[in-house]
A.B. asks: 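Dropping a structure here in structure tokens format, bear with me for questions.
Ligands are counted one by one from 1 in listed order, and the atoms in each one are counted from 1 as well. Treat the numbers as computed from the prediction; the structure is a model and nothing was measured.
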Amino acid sequence: MARTHSVLLLAVLVSACACAAASEQQTCTAPDSCTKEKDYNPEAGEWYGEFFPDIPKIKYEGLNSTNPLSFRYYNAEEVVLGKKMKEWLKFSVAFWHTFKADGSDPFGSATKAWPWDKEKDPLQASFKAMHANFEFMSKLGVDRWCFHDRDIAPEGATLAETNKNLDLVAEVALELQKGTSIKPLWGTAQLFKHPRYMHGAATSPNATVFAYAAAQVKKAMEVTQLLGGENYVFWGGREGYQSLVNTDLELEMDNLGRFMKMANDFKHSIGFKGTLLLEPKPQEPTKHQYDWDAATSVAFLHKYGLLEDFKLNIECNHATLAGHSCEHELEVARINGVLGNIDANTGDAQTGWDTDQFLTDPRMATLVMAVVVKNNGLGSGGINFDAKIRRESISTEDLFYGHISGMDALARGLRNAAALKEAGQLDGLIADRYASWKAKGGLGQKIINGKVGFAELEKYALSNPDPGSSMASAKQELAEIYLDMATK
Ligand SMILES: *[C@@H]1O[C@H](CO)[C@@H](O)[C@H](O)[C@H]1NC(C)=O
Ligand SMILES: *[C@@H]1O[C@H](CO)[C@@H](O)[C@H](O)[C@H]1NC(C)=O
Ligand SMILES: [Mn+2]
């Protein structure tokens, strides 16, 4: 990703950008039909053409619709369990997967030739991609987006130059979001691609790298604040190890704790109101990632005194990599008071790696949304599509199909979770299973309230029949039927 461009060009851009305004009349519909002179002022980051000229605004058409460019379940303004669907779901487009994923993988080169990516100059390409982002969101009816600093702006020859690039692109984004309800759901710093982060960022054995990473997070947080971002995420791409043989585990983990404490202090020093989130992942790219899963991350936050200051961003595909289900990770986060955001995606049942596909399974979506309902929403968080269309899907239309499939699946999941809650059968089954803990004056209440210890419990066990002869059924099969009844 590291690219350089001339300082001279940058100087021109700095002076020209102040007058950037995208409010002029659109004079062309397709990028290729726009003449540069008339429709496009690259120095100012201006672009008046469309990147998706054949895509209309996506509307809710209901279940009878046969139009794949419509929502069949997601009806933004419809009220479900007392809140609008758009409030429960607060969808977000992931900038990197949508506009920067070019289809390259370890075995092959890029397959996608996106129209916003035709510029040779990386800064010009960044301006265009930002315009594509806003056109995409507005047609999709989504008003949140997520970004890494290095997705939206290119790396320069020095950190100062890189920061300037980021400022220029942020200015274009700020201009584009004026008069809209669009803002970032979260921002983050990409601390894993560049070779300087090969041994880690906050957990690098080299203190100079720790400092560089801190500088990068500081800047990314400032840009997130400038754009009105509601959260700031830490996914520690290289925070982990390949072998314990050459690793000081204790120092690396302590440094990660120090880094997060500094990030929280800095957040308060600039008055940034967004929530800080850790995103767990067990492996990839390192063999062992420190934020392994939700439980590990909660223990980390607890150890370093950060449990009040951070929440978790749960990614479904990371949950399955850790050997859990998505709802397990969400539930662990929820009961610890740290469920902050969902990176909605899924892996492939037949592969063991991070495929980042759109989550489309209705049952999985129901179980995910049931936890969100139990949590009464996600607070400042939302649902970010950390998902990419397949390498072989190469038309701009496919980007819409991917997001529509994901949005409709989770809207369907929300409707199902509401039906499950309103039917009450599953909640009733669970309440029955745990009735002995709830009965007034009963043994369970005595244990919960700390009224008894081992001596009293032994006395109770000696004077009562062995419970083994009267156990109740767990009724898992019946529970599955109740779940299925609500999964429409
Ligand atoms: C779908 O079509 C059927 C048959 O025309 C109609 O009865 C039903 O009300 C329609 N449902 C919706 C949600 O529009
Ligand atoms: C740490 O990084 C700095 C800057 O690249 C370098 O000069 C120094 O030698 C490194 N120290 C160690 C111990 O690797
Ligand atoms: Mn992933």
A.B. asks: Is the side chain of Lys311 donor-acceptor paired with the backbone N or O of Asn341 at a distance under 3.5 Å, no angle test?
C.D. replies: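 Checked: no pair found.
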
A.B. asks: Among all protein heavy atoms, pick the one closest to atom 4 (C) of ligand 2 and tell me residue, atom and distance.
C.D. replies: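 Residue, atom and distance for the closest contact: Thr208 CG2, 4.0 Å.
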
A.B. asks: Got an N, O or S from Glu315 under 2.8 Å of the Mn ion (ligand 3)?
C.D. replies: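 Coordinating: yes.
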
A.B. asks: Verify whether one side chain among Asn255 and Thr203 offers a donor that lies under 3.5 Å from an acceptor in the other.
C.D. replies: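 There is no such pair between these side chains.
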
A.B. asks: Any N/O/S of Asp356 under 2.8 Å from the Mn ion (ligand 3)?
C.D. replies: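 Checking the Mn ion (ligand 3) against Asp356, an N, O or S atom does fall under 2.8 Å.
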
A.B. asks: Is it true that a side-chain atom of Lys488 and a backbone atom of Ala419 form a donor plus acceptor pair closer than 3.5 Å?
C.D. replies: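 Answer holds: no.
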
A.B. asks: Cation over ring, Lys128 on Trp116, under 6.0 Å and within 45°?
C.D. replies: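 Negative - Lys128 is either too far from the ring of Trp116 or too far off its axis.
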
A.B. asks: I need the nearest protein heavy-atom contact for atom 8 (C) of ligand 2: residue, atom name and distance, please.
C.D. replies: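 Sorting protein heavy atoms by distance from atom 8 (C) of ligand 2 puts Asn206 ND2, 3.7 Å first.
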
A.B. asks: Say whether Ser395 and Glu397, considering side chains only, have a donor N or O and an acceptor N or O under 3.5 Å apart.
C.D. replies: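 No donor-acceptor contact under 3.5 Å links the two side chains.
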
A.B. asks: Can you find a protein heavy atom closer to atom 14 (O) of ligand 2 than 4.0 Å?
C.D. replies: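 Within 4.0 Å: yes, protein heavy atom nearby.
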
